[in-house]
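Chain letters run A, B, ... following the sequence lines, proteins first, then strands; residues in each count from 1.
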Amino acid sequence: MLTILYFASVRERVGRAAEELVLPAGVADVAGLLRHLGQRGGAWEGLARIANLRCAVNQQMVALDSPIADGDEVAFFPPVTGG
Amino acid sequence: MHVRIQEADFDVGSELAALRRADPRIGALASFVGLVRDVSGGAGVSEMHLEHYPGMTEKALAAIVGEALQRWSLIDVLVIHRVGRLLPTDQIVLVAVAAAHRAEAFAACAFIMDYLKTRAPFWKRELTPEGARWVEAREADDRAAERWRQPGG
């Protein structure tokens with residue numbers, strides 16, 4: 001099972017803050033997960049095309065080609081704007 | 001090292017006093033306070049909402065402070081970042097760095113802020129006369145963080 005979190009403008013775009021998802025067959029990295037989510041259509045299709053989309057796996061910021069595995073917490077969000 | 005994420009305001013005077021009194025080796029205490037402005041990108045801002053990623057935020061800030069402790073000879077570091085609803089003139093963030101001498105304290109304070117702006121998972125949403133909008137990341141912040149990159153790092 002994956003835990004997927006969405007923050008800020010990305011959360012508003014997909015209309016969801018969090019979900020649990022059985023690791024889809026054939027999905028081995030973040031980019032693969034984005035392709036899988038895009039198959040839902042609608043706002044999900046645009047997720048992978050968000051400019052400067054950021055991703056964290058297990059609360060570490062990573063590149064979109066980073067591997068994911070069962071049990072991971074994956075988060076999608078825009079560039080950070082704190083401080 | 002102290003990292004706090006909170007909705008409540010903080011008192012800079014008492015925070016700095018507690019930090020400096022904890023260790024008589026401290027000869028320099030540099031601090032930065034970030035504030036909510038009432039203008040952004042030409043539009044008036046009446047309030048701001050700060051969202052974060054609970055869990056990752058604390059880890060990211062601890063990692064940034066940990067890197068500062070490796071780069072400079074520091075005695076203690078305090079980072080407080082507020083979340084939730086904030087109004088113009090409100091305090092958003094405090095970074096305080098205690099060291100024996102000022103050069104390390106100044107440099108580490110700037111480094112921590114530059115990395116916080118580009119690596120800690122906070123997002124600002126502003127309320128303007130045209131409605132609410134998410135604050136866009138600034139390229140200038142990326143460049144500010146870039147200047148701390150070390151060869152091979």
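Cluster annotation: V93(B) is connected to Y115(B) through the hydrophobic network of ILVMFWY side chains, with a link wherever side-chain heavy atoms come within less than 4.5 Å. Linking ILVMFWY side-chain heavy atoms closer than 4.5 Å, directly or via other members, places V39(B) and V36(B) in two distinct hydrophobic clusters. Clustering ILVMFWY residues whenever any of their side-chain heavy atoms sit less than 4.5 angstrom apart, transitively, puts L34(A) in the very cluster that holds V74(A).
Of the inter-residue distances, the one linking M56(B) atom CE with E73(A) atom CD reads 10.0 Å to the nearest 0.5 angstrom. Residue T81(A) holds its OG1 atom at 7.0 Å from CG of L50(B), rounded to the nearest 0.5 Å. Note that OG1 of T118(B) and CZ of R54(A) are 9.0 Å apart. Values are rounded to the nearest 0.5 Å.
With chain B as partner, the option from A75(A), P79(A), A56(A), G83(A) having the largest number of non-hydrogen pairs under 4.5 angstrom is G83(A).
Both the backbone and the side chain of K124(B) come within less than 4.5 Å of a heavy atom in chain A. Heavy-atom distances place no part of R82(B) under 4.5 Å from chain A, backbone and side chain included. Of the atoms belonging to A60(B), not a single heavy atom falls under 4.5 Å from chain A. Proximity to chain B (any heavy atom under 4.5 Å) is shown, for A8(A), by both the backbone and the side chain. Proximity to chain A (any heavy atom under 4.5 Å) is shown, for H49(B), by neither the backbone nor the side chain.
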Pair E51(B)-R11(A), side chain to side chain contact (heavy atoms under 4.5 Å, CB included): steps then yes or no: CA-CA 11 Å; E51(B) 173 178 340; R11(A) 179 191 65 242; 2.4 Å; yes

Stepwise side chain to side chain contact (heavy atoms under 4.5 Å, CB included) check, Y53(B) with L5(A): CA-CA 9 Å; Y53(B) 181 170; L5(A) 305 174; 3.5 Å; yes

From CA spacing to verdict: side chain to side chain contact (heavy atoms under 4.5 Å, CB included), E12(A), R125(B): CA-CA 12 Å; E12(A) 289 189 344; R125(B) 188 174 169 81; 3.2 Å; yes

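A 6.0 Å sphere centred on CZ of R37(B) holds no more than 12 heavy atoms belonging to other residues, nucleotides or ligands. Atom NE2 of H101(B) has 12 or fewer heavy atoms from other residues, nucleotides or ligands within 6.0 Å. Residue R40(A) qualifies as enclosed at atom CZ: its count of foreign heavy atoms under 6.0 Å is above 12. Heavy-atom neighbours of F10(B) CZ from other residues, nucleotides or ligands within 6.0 Å: above the threshold of 12. Within a 6.0 Å sphere centred on CZ of R147(B), heavy atoms belonging to other residues, nucleotides or ligands number more than 12. Heavy atoms from other residues, nucleotides or ligands lying under 6.0 Å from CD of E19(A) number more than 12.
Ring geometry for W123(B) versus F7(A): interplanar angle under 30°, hence parallel rather than tilted (30 to 60°).
Proximity of a side-chain donor or acceptor of K117(B) to a complementary backbone N or O of G82(A) within less than 3.5 Å is detected.
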